[in-house]
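Counting starts at 1 for both ligands and their atoms, following the listed order. Note that these values count all heavy atoms, side chains included, but never hydrogens, waters or copies made by symmetry.
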Amino acid sequence: MKIGIIGGTGFYEMKGEEIELESDYGKVTAFSFEKHGRKIIFIPRHGKKHKPAHAVNYHANIDALKKAGAEAIIAINTVGSMRKSMEVGSFFIPDDFIDLTGRKSTFYDEEAIHVDMSIPFCPVVRKILIEEANKKGVVHEGIYLVTEGPRLETKAEINMFKKFAHVVGMTLSPEVVLAREAGICYASICLISNYAAGMQERLDIEEIKRIYNERKSDILHIVDECIKRLPEKRECECKNVPERGKI
Ligand code: HPA
């Protein structure tokens, strides 16, 4: 199985050979390498010039992985916690999400395809991520609320959002939806890098970066173990989702 990894800044350690992938939405810079006998393609989500979350070409990233033959994607994201009990530095593996971005989240403009989002993340990839993350730290599960950014949230927004979700971030959607439309297994490992607005004195990007750098090697280890354990042949339902959504 060919595996795609989409990560934020600072994961350039994954490197390998720099390649340019074709997609219907533009070229994508990626890194190709082999790990544990598996072909891996790493895409730095924000591209070479580090585009902010609202300007990332999510369509190009997913379409490029699809065209390159990836059957599973491990996504790495950072999030703010909306629960005191979900502490900074711990891991969060979302099992659901709320998309408040308003970003375009489909490949299908001509054909009507309604992908089922009852179980948005691949259960097989999620289970392995949870098990491996548990060996490296505290792991939480729950709902990721996606905001448009690039600004951070207001205290009032967080007070509202925390009634419906556990963490807040800017990068999960439309990535997860597009992966589903592409029939690719997808799960995310998030690092809780801060408490959301109003829950800590102020939000400091330097602090977020510091937490991220502190946990980076653990995340890389978790992803590495996940690469080892992913099944060669897919037995989950993810590949059938687009066909089942056709009218
Ligand atoms: N809000 C939105 N996105 C984020 C945050 C946050 O608090 N932390 C990391 N990404």
Discussion item. Do Ile62 and Ile73 make a side-chain contact, defined as non-hydrogen atoms from C-beta onward lying under 4.5 Å apart?
Written reply: yes
Discussion item. Between Tyr186 and Arg180, is there a side-chain heavy-atom distance shorter than 4.5 Å?
Written reply: no
Worksheet entry | Taking atom 3 (N) of ligand 1 as the reference point, the nearest protein heavy atom with its distance | Gly169 CA, 3.4 Å
Worksheet item: Which atoms of ligand 1 are found less than 4.0 Å from any heavy atom of Ser193?
Response: 8 (N), 9 (C)
Worksheet item: Looking at atom 10 (N) of ligand 1, what's its closest protein heavy atom, distance included?
Response: Thr78 O, 3.4 Å
Worksheet, complete the sentence: Checking heavy-atom distances from atom 7 (O) of ligand 1 to each of Asn194, Thr171, Val79, the winner is Asn194
Worksheet item: To which protein heavy atom is atom 5 (C) of ligand 1 closest, and what is the distance rounded to 0.1 Å?
Response: Gly80 N, 3.6 Å
Worksheet entry | Note: Glu214-Arg210 ion pair, threshold 4.0 Å (strictly below) | yes
Fill in: Main-chain N/O of Leu230 paired to Arg38 side chain as donor or acceptor, under 3.5 Å
yes
Worksheet entry | For atom 4 (C) of ligand 1, the protein heavy atom that lies nearest, with its residue and separation | Val168 O, 3.8 Å
Worksheet item: What atoms of ligand 1 come within less than 4.0 Å of a heavy atom belonging to Leu152?
Response: 1 (N), 2 (C), 6 (C)
Item to complete: Ignoring hydrogens and angles, state whether a donor on the side chain of His36 or Asp224 is under 3.5 Å from an acceptor on the partner side chain.
Response: yes
Worksheet entry | Contact (N/O only, under 3.5 Å) between Glu153 and ligand 1 | yes
Worksheet item: So do the side chains of Ile192 and Glu87 get within less than 4.5 Å of each other, counting heavy atoms only?
Response: no
